[in-house]
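Okay, structure first, notes after.
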Amino acid sequence: MSGDLKWNKILGAGLATAFVVITLQQVTGAIYHTEAPEKMGYFVDAPEEAAAGAAEAVLPPDWGTVLPAADLAAGEAAFARCQACHNATAGGPNGIGPNLFGVVGRAVASHAGFAYSDAMQAHKGAAPTWTLDELDQFITAPGRHVPGTKMSFAGIRDTNTRVNLIAWLRSQGSGGFPIPAPDPARQPGAAPAAPVEGAAPAAGAESAGAESGGQTGAAPDTGAAAQPTTAATPAAPPASTSPAPPNN
Ligand code: HEC
């Protein structure tokens, strides 16, 4: 009899435990109710980024329009990303990178007391001056614009940020560097009409083509985007213009 009682207790304890566990499951199930997602996985929706990137690759900023409207305070804030390596005050020291006071319009690789990389020294041959376009392209992707540069910085992809930053840099000792006149060929609507940078010399591009072509020697990827549509047309005429007599 005492043995039966002992088993009753054990059984009872087991049932009670099971009851508690089941109840807890129900309760937590009710509290932490999860539903299966309709679609699995992450969907990263960034078409605008891609579009902006493409536009940026084709058209350089229209400095005459964007510089006067630039946000200098935002540019100064953006310079925080450069400050680990650069000082931009008059007579300020070189850091990991050269002092940038007056860098807009300054000769490339020319700041006293700084040991530039061979790559930057060589870049001087192709682009002797830090023009607005040169700075813009360098800051966009330093390692792509000057392969081998020792400026280990990924670059700033956002055009607005670069424009503000360059406007601010200009205000630090480069105020005399002229702002060019607004250039319609660089305004958004002009994208398909005027292939920028070197490509398609016969396209009859206005002054902009000559101007930027001089600054940047080669831009193979920008040209590719503009070519397919325009290239087809000039190829046809020569055949029809020579109705040569098929005699002899
Ligand atoms: C990690 C350090 C580092 C950061 C961050 C950095 N730079 Fe540099 N920068 C350098 C170095 C190093 C050089 C020299 C490059 C060479 O000799 O190849 C340089 C060179 C330059 C030059 C060329 C100057 C000249 O005298 O020819 C410019 C312009 C420049 N940097 C602008 C910037 C700007 C603008 C930013 C911020 C958006 C920035 N850098 C961020 C290290 C840096």
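Positions are given from 1, in the same order as the sequence printed here. We use all heavy atoms of the structure for the numbers below, so side chains are in, but hydrogens, waters and symmetry mates are not.
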Side chain to side chain, [X] and [Y], heavy atoms closer than 4.5 Å:
{"X": "Trp63", "Y": "Asp183", "result": "no"}
{"X": "Ser152", "Y": "Ile96", "result": "no"}
{"X": "His86", "Y": "Met151", "result": "yes"}
{"X": "Phe177", "Y": "Leu132", "result": "yes"}
{"X": "Val104", "Y": "Trp130", "result": "no"}
{"X": "Leu169", "Y": "Phe79", "result": "yes"}

Distance, nearest 0.5 Å, that separates [atom1] of [X] from [atom2] of [Y]:
{"X": "Lys124", "Y": "Ser110", "atom1": "NZ", "atom2": "OG", "result": "7.5 Å"}
{"X": "Thr159", "Y": "Ile166", "atom1": "OG1", "atom2": "CD1", "result": "9.5 Å"}
{"X": "Leu135", "Y": "Leu100", "atom1": "CG", "atom2": "CG", "result": "8.5 Å"}
{"X": "Cys85", "Y": "Phe153", "atom1": "SG", "atom2": "CZ", "result": "9.0 Å"}

Could you report the tightest heavy-atom contact between [X] and [Y], atom names first, then the distance?
{"X": "Pro142", "Y": "Ala154", "value": "CD-O, 3.7 Å"}
{"X": "Pro182", "Y": "Thr65", "value": "CB-OG1, 3.6 Å"}
{"X": "Pro147", "Y": "Ala119", "value": "O-CB, 3.3 Å"}
{"X": "Leu67", "Y": "Ala167", "value": "CD2-CB, 3.6 Å"}

Would you check if the side chain of [X] reaches a backbone N or O of [Y] as a donor-acceptor pair within less than 3.5 Å?
{"X": "Tyr116", "Y": "His111", "result": "yes"}
{"X": "Asn99", "Y": "Asn94", "result": "no"}
{"X": "Arg186", "Y": "Pro61", "result": "yes"}

Are Ile139 and Ile179 linked, directly or through intermediate hydrophobic residues, by side-chain heavy-atom contacts shorter than 4.5 Å (ILVMFWY only)?
yes
Establish whether Met120 and Phe101 are linked, either directly or via other cluster members, by ILVMFWY side-chain heavy-atom contacts under 4.5 Å.
no
Measure up the His145 and His123 rings against each other and bin them: parallel (under 30°), tilted (30 to 60°), perpendicular (over 60°).
perpendicular
Polar contact flag, side-chain donor to acceptor under 3.5 angstrom, Asp133-Thr131:
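No, because no side-chain N or O of Asp133 sits under 3.5 Å from a partner of the opposite role on Thr131.
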Distance-only donor-acceptor check, side chains Thr129 and Arg106, under 3.5 Å
no
I'd like to know whether Ser117 forms a side-chain contact (heavy atoms from CB on, under 4.5 Å) with Val146, so could you lay out the CA-CA distance, the side-chain angles of the two residues, the decisive distance to 0.1 Å, and finally the verdict.
CA-CA 10 Å; Ser117 65; Val146 182; 5.7 Å; no
Side chain to side chain contact (heavy atoms under 4.5 Å, CB included) with Ile156: which of Thr140, Asp136, Thr161?
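Among Thr140, Asp136, Thr161, the one that satisfies the side chain to side chain contact (heavy atoms under 4.5 Å, CB included) with Ile156 is Thr161.
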